[in-house]
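Worksheet: the structure to be examined is printed underneath.
Letters go in sequence order (proteins before strands), and every chain restarts at 1.
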Number of protein chains: 2
Amino acid sequence: MRLLNEHDVAEAAGRIEGRVRRTPILAMAAGEAAAAPVVFKLEQLQHTGSFKPRGAFNTLLSGDVPAAGVICASGGNHGIAVAYAARTLGVRCEVFLPLSSAPVKVQLLRALGAAVRQIGSVYAEAFEAMEARRAETGAMVVHGYDQPATVAGQGTLFREWLEQDPDLTTLLVAVGGGGLIGGALAALGHGLKLVAVEPRRAPTLAEALDADAPVDVAVSGLAADSLGARRLGEIGFALARHHGLTSVTVGDDEIRAAQLWLWHHARIAAEPGGAAAFAALSSRAYRPGADERVGVLICGGNTDPATLAS
Amino acid sequence: MRLLNEHDVAEAAGRIEGRVRRTPILAMAAGEAAAAPVVFKLEQLQHTGSFKPRGAFNTLLSGDVPAAGVICASGGNHGIAVAYAARTLGVRCEVFLPLSSAPVKVQLLRALGAAVRQIGSVYAEAFEAMEARRAETGAMVVHGYDQPATVAGQGTLFREWLEQDPDLTTLLVAVGGGGLIGGALAALGHGLKLVAVEPRRAPTLAEALDADAPVDVAVSGLAADSLGARRLGEIGFALARHHGLTSVTVGDDEIRAAQLWLWHHARIAAEPGGAAAFAALSSRAYRPGADERVGVLICGGNTDPATLAS
């Protein structure tokens with residue numbers, strides 16, 4: 001398998017230009033969010049509230065979509081992004097997702113015109129049902145994280161971020177199935193230090209690096225609805241191994257504290273998975289050196305806002 | 001009275017540099033938030049969740065603060081900003097505010113170490129109590145909107161915004177007591193078209209322009225906690241008359257719809273007053289011409305996030 005690289009990401013950026021928002025960055029001085037300066041990338045302001053439309057648009061625009069349209073399985077954000085991209089481009093869309101998905105995400109899918117099928121308690125069960133359906137209809141599958149066009153699309157976020165702040169040395173990025181971190185590695189793996197952050201209760205990357213191959217892991221916890229893939233994708237794993245990716249895990253309490261800090265100190269509405277990267281910094285699970293300029297990705301904001309109040 | 005101008009704002013910018021965040025902008029394409037392209041300035045991400053620290057820091061840094069510290073009366077955001085600036089600079093702070101103030105704001109004031117006095121049902125009553133107290137203690141008054149240093153400090157927001165997007169032609173700005181729009185006029189009144197937006201139920205500017213002088217108005221409605229000054233300040237009025245300011249009013253339903261749109265389509269948490277400027281555009285109370293590039297200021301995000309859900 002050829003490793004994705006910065007040229008794939010550059011092509012994706014050209015393909016999706018004008019379809020996605022150029023989300024802003026917010027810099028905080030040393031001593032505010034952490035001992036070091038921090039540059040937040042506010043990707044929760046993206047269409048549909050997460051980074052996922054980048055990969056979805058790149059996938060839909062990379063091939064010919066059949067009359068049956070597109071089909072996907074998703075814990076939520078990916079499905080919403082595929083539905084959004086499909087509606088924008090005028091193609092049919094069917095989304096499979098677990099019964100555990102957040103109600104706000106299910107409502108949004110329906111509002112975007114997608115046919116919604118809720119099946120199973122975890123992502124993997126919804127994925128199997130989707131595969132069976134695809135065999136019937138011949139729709140184009142849009143995978144959540146393990147398709148080259150999806151990963152290259154997510155990589156456009158990091159290309160854009162470095163354009164916005166060329167002095168960044170280190171980026172903290174949350175990991176679920178590995179599509180986002182894979183995109184980061186493809187875009188910037190040769191130039192910057194990337195730190196993968198995942199919930200201790202959904203450690204797909206840490207376990208894969210230990211086993212030297214993607215393995216099934218038990219998934220639970222606060223951020224499972226967005227970072228709860230059962231197994232790391234092959235594309236993300238190959239990139240992680242090639243680039244010697246640094247892995248950090250954080251606990252649910254640390255994620256929750258980070259989420260509340262972001263709201264109370266900066267009016268940033270992050271979902272738990274969207275706050276995970278910052279949790280690595282605020283909990284000191286990752287301690288930057290004096291010469292690092294650290295970027296922290298807020299990758300999603302699809303949470304019930306009432307949960308931000310306490 | 002000498003009119004404030006861009007030189008006053010430039011001095012303020014130098015004085016408060018490093019004390020306030022350079023808040024980001026978010027551009028949306030034509031057809032998304034409005035028929036025209038829109039460039040949002042996300043000032044709700046500022047320290048304390050509103051633009052007010054700009055004026056507070058400039059005021060505290062423009063003169064000698066006595067041992068009794070600073071004192072102010074505020075419907076909320078101004079008081080929080082003064083408390084924040086006072087804590088940052090290590091001076092005492094006493095804040096008077098009406099009983100109607102949002103609980104989230106009162107809690108935040110206390111957390112910032114301010115002595116809180118809740119008196120009266122509207123801002124003007126809290127203001128009178130503050131004046132009596134100041135006569136006793138000799139503390140430095142920080143007015144919410146009608147002091148030159150406060151207005152010049154708010155002006156730094158607009159100077160910064162134009163640096164971020166030099167192609168802007170038109171800015172929509174919410175009005176309460178006139179400190180923010182006064183700062184905008186001082187900074188950019190000679191170059192850009194400024195459109196003042198205020199709630200129909202708190203029309204301090206519209207009534208002042210009609211009467212050709214600031215007059216007391218009845219204040220109520222959704223955004224009264226942040227835009228509910230009873231009378232426009234003299235500084236803001238003089239600048240508004242000099243520059244021939246355009247005034248638009250919006251209803252509470254329009255403000256509420258704008259607030260929900262910002263959350264659902266961009267995960268922007270705006271308080272009602274913070275959504276008022278966008279309401280002028282989304283309700284078509286203001287219709288930009290084809291040659292305008294419109295900026296919309298989100299000036300505050302201090303709302304109970306649960307109100308964003310529905």
Between Ala269(B), Pro305(B), Ala306(B), who has the most heavy-atom pairs with chain A when the cutoff is under 4.5 Å? Pro305(B)
Residues 9-22 of chain B: residues contacting chain A (heavy atom under 4.5 Å, by number): Arg21(B), Arg22(B)
Heavy atoms under 4.5 Å from chain A: which residues of residues 23-33 of chain B carry them? Thr23(B), Pro24(B), Ile25(B), Leu26(B), Met28(B), Glu32(B)
How about CG on Asp253(A), more than 12 heavy atoms from neighbouring residues, nucleotides or ligands closer than 6.0 Å, or not? no
About how many Å separate [atom2] of [Y] and [atom1] of [X], when rounded to the nearest 0.5 Å?
| X | Y | atom1 | atom2 | answer |
| --- | --- | --- | --- | --- |
| Leu308(B) | Leu308(A) | CG | CG | 8.5 Å |
| Ile268(A) | Ile268(B) | CD1 | CD1 | 12.0 Å |
| Glu271(A) | Arg267(B) | CD | CZ | 8.5 Å |

Under 4.5 Å from any heavy atom of chain B - which part of Ser50(A): neither
